[in-house]
Amino acid sequence: MTALTGPAMDRAAEWLARLRSGGMSPAEHAALDQWLADDPAHGRAFAEAGRMWRDLDALKAHPEMLRMREQAMVDLRRARFRHLAAAAVAACLLMAVCAGAFVTYQNGLPWRQPSQTFATRIGQRSSIALADGSLVVLDTNSEVRVLADDDERRLELVRGRAFFRVAHRPHLPFIVRAGEHSVTALGTQFDVDLRPDAFRVALTEGRIQVRAEKPSGSPEPSVEMNAGYELVASGRSIRLNRIDARAATGWMTGRLVFDSATLGEIAGELNRYSHQPIIVDRAIAGTRISGVFLSADPEAFLAAAEALGLARRNTTAAAYVLLPPANNFPPHK
């Protein structure tokens, strides 16, 4: 993998240093999420910075790395940076770039990831840098477990939705278990959404393999997917659909994209992000609409439905309510 350089890489290194310090505030976590969502290149730079940092940890006892570290410290003492934190990050990046000469060695390194559980609350998103340089972005009310295993990078999506940007490690398969399905990748980007009644995986880059796991644990025949498709499994039904990658991962920036979705479906999705639910009257629940709505602004959806004459809204202290329109015309289907 070619090392990334430039302002994005410098900024990624600064974010990673803050994240590893363990002292980031909720506001800083939100700022990191926004920075990652602003540009796909930011996510790639962040994953690359994590990979280089971990590679450096794994090689720090190597004689050549010890020599380079000593030289970097000498250079650091001579340099006159205004900000000490920026100087430390620059020194770490210098050593990590030098570690690129050990590519063959590093590909054989074990996972070295402790077992951990990460979770988000309703309305919260979170970015997680893994030991191998991979990135996980958790959606609202979601939970993922990282399992320690030297031979595989194995995770379990317990509930909710997560986006995975996988660092390329040919000798370490990246496996995500979600309910009765598993997704295997080497170096790629995909989104897994686990609901009580359905499983969905959307592939935005690379190739993956999706398996349905039998109760005994033995896998059933698998489906290989190419970028630009999503697999939806519900009960015994499995289907592949063409997707727009930006629309599929829009939730990472707080934007939910709907194409001819029913009012009931949109309300159900927005309800995942709010403690105040949207209740849609059965008479209009099947009415269809297309649009882009902010996950943090359910009232914009209510206003759109009302402005289009599809419904009228009523807000109570406990919920938002969409009722049939006051006129006598039937809603558009």
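Heads up: numbering here begins at 1 and tracks the sequence.
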Point to revise | Residues in side-chain hydrogen bond (donor to acceptor under 3.5 Å, both in side chains) contact with Arg313, at least two apart in sequence or another chain | key: Glu306
Review point. Can you name the nearest heavy-atom pair linking Val136 to Ala162, along with the distance?
Key: CG1-CB, 4.2 Å
Practice item. Evaluate the side-chain proximity of Pro325 to Arg312: yes if any heavy-atom separation is below 4.5 Å, no if none is. Key: no
Check your understanding: Should the heavy atoms of other residues, nucleotides or ligands under 6.0 Å from CG of Asp259 be counted, would the total exceed 12?
Key -> no
**Study point:** Intermediate values then yes/no, side-chain contact (heavy atoms from CB on, under 4.5 Å), Val166 and Arg153
**Key:** CA-CA 10 Å; Val166 182; Arg153 295 173 288 177; 4.0 Å; yes
Review point. Transitively linked via ILVMFWY side-chain contacts under 4.5 Å: Phe190 with Tyr229?
Key: yes
**Study point:** Cluster check Ile266, Leu308: I/L/V/M/F/W/Y, side chain < 4.5 angstrom
**Key:** yes
Exercise for review: First locate atom CZ of Phe118, then atom CG of Leu155, and finally report the distance between them rounded to the nearest 0.5 Å.
Suggested key: 9.0 Å
**Study point:** side-chain contact (heavy atoms from CB on, under 4.5 Å) between Leu130 and Leu135, worked out
**Key:** CA-CA 6 Å; Leu130 301 182; Leu135 176 70; over 6 Å; no
Point to revise | Transitive ILVMFWY side-chain link Ile279 to Ile289, under 4.5 Å | key: no
Exercise for review: Could you tell me the separation between the CE atom of Met252 and the CG atom of Asp38, rounded to the nearest 0.5 Å?
Suggested key: 11.0 Å
Review point. Is there a side-chain contact between Asn226 and Arg207 (heavy atoms, below 4.5 Å)?
Key: yes
Check your understanding: Rounded to the nearest 0.5 Å, how far apart are CG of Leu302 and CG of Leu263?
Key -> 10.0 Å
Review point. Do the side chains of Thr249 and Gln189 get nearer than 4.5 Å, heavy atoms only?
Key: no
Review point. Do Leu310 and Leu322 belong together in a cluster built from hydrophobic side chains that touch within less than 4.5 Å?
Key: yes
Exercise for review: Please name the residue in the list Tyr320, Phe293, Tyr273 that meets the ring pair (Phe, Tyr, Trp, His ring centres under 6.0 Å) test with Phe301.
Suggested key: Phe293
Check your understanding: Is there a donor-acceptor contact under 3.5 Å from the side chain of Ser274 to the main chain of Pro277?
Key -> no
Point to revise | Nearest-0.5 Å distance that lies between atom OG1 in Thr120 and atom CD in Glu143 | key: 9.0 Å
Check your understanding: Side-chain contact, heavy-atom cut-off 4.5 Å: Glu230 with Arg200?
Key -> yes
Exercise for review: Identify the heavy atoms of Ile284 and Pro324 that sit nearest to each other, and give their distance.
Suggested key: CG2-CA, 3.8 Å
Check your understanding: Less than 4.0 Å between a side-chain N and a carboxylate O, is that true for Glu269 and Arg195?
Key -> yes
Review point. Does the Ser234 side chain pair with the main chain of Ala198, one donor and one acceptor, at a distance under 3.5 Å?
Key: no
Check your understanding: Are any non-hydrogen side-chain atoms of Leu270 and Leu256 less than 4.5 angstrom apart?
Key -> yes
Review point. With distance as the sole test, does Ser290 use its side chain to make a donor-acceptor pair with the main-chain N or O of Ser260 at under 3.5 Å?
Key: yes
**Study point:** Backbone N/O of Ala31 and side chain of Gln34: donor-acceptor pair under 3.5 Å
**Key:** no
Check your understanding: Going by heavy atoms in the side chains, are Leu138 and Ser127 under 4.5 Å from each other?
Key -> no
Revision key, fill the gap. Between Gln276 and Thr315, the two heavy atoms sitting closest are NE2-CG2, 4.1 Å
**Study point:** Option among Val201, Val176, Val192 that satisfies the side chain to side chain contact (heavy atoms under 4.5 Å, CB included) test with Ile208
**Key:** Val201
Check your understanding: Between Glu265 and Phe258, is a side-chain contact (heavy atoms from CB on, under 4.5 Å) present by the stated rule, with each step listed?
Key -> CA-CA 9 Å; Glu265 290 169 343; Phe258 300 96; 5.9 Å; no
Check your understanding: Got a donor-acceptor contact below 3.5 angstrom from the Thr287 side chain to the Ala285 backbone?
Key -> no
Exercise for review: Say whether Arg272 and Asn141, considering side chains only, have a donor N or O and an acceptor N or O under 3.5 Å apart.
Suggested key: no
Check your understanding: Cluster question for you: counting only ILVMFWY and a side-chain heavy-atom cut-off of under 4.5 Å, with indirect links fine, are Val223 and Phe199 together?
Key -> yes
Review point. Taking His42 for the side chain and Trp35 for the main chain, is one N or O donor matched with an acceptor at less than 3.5 Å?
Key: yes
Practice item. Evaluate the criterion side-chain contact (heavy atoms from CB on, under 4.5 Å) for residue pair Glu156 and Val144; output intermediate values, then yes/no. Key: CA-CA 6 Å; Glu156 180 184 4; Val144 66; over 6 Å; no
Study note, to complete from the structure: Taken to the nearest 0.5 Å, the spacing of Ile243 CD1 from Leu203 CG works out to 7.5 Å
Practice item. Mind checking the CZ-OG1 spacing from Arg246 to Thr253? Nearest 0.5 Å is all I need. Key: 10.5 Å
Point to revise | pair Met225-Leu231: side-chain heavy atoms closer than 4.5 Å | key: yes
**Study point:** Lys/Arg N to Asp/Glu carboxylate O, Arg125 vs Asp139, below 4.0 Å
**Key:** no
Exercise for review: Could you label the plane-to-plane angle of the Phe174 and Phe164 rings as parallel, tilted or perpendicular, counting under 30° as parallel and over 60° as perpendicular?
Suggested key: perpendicular
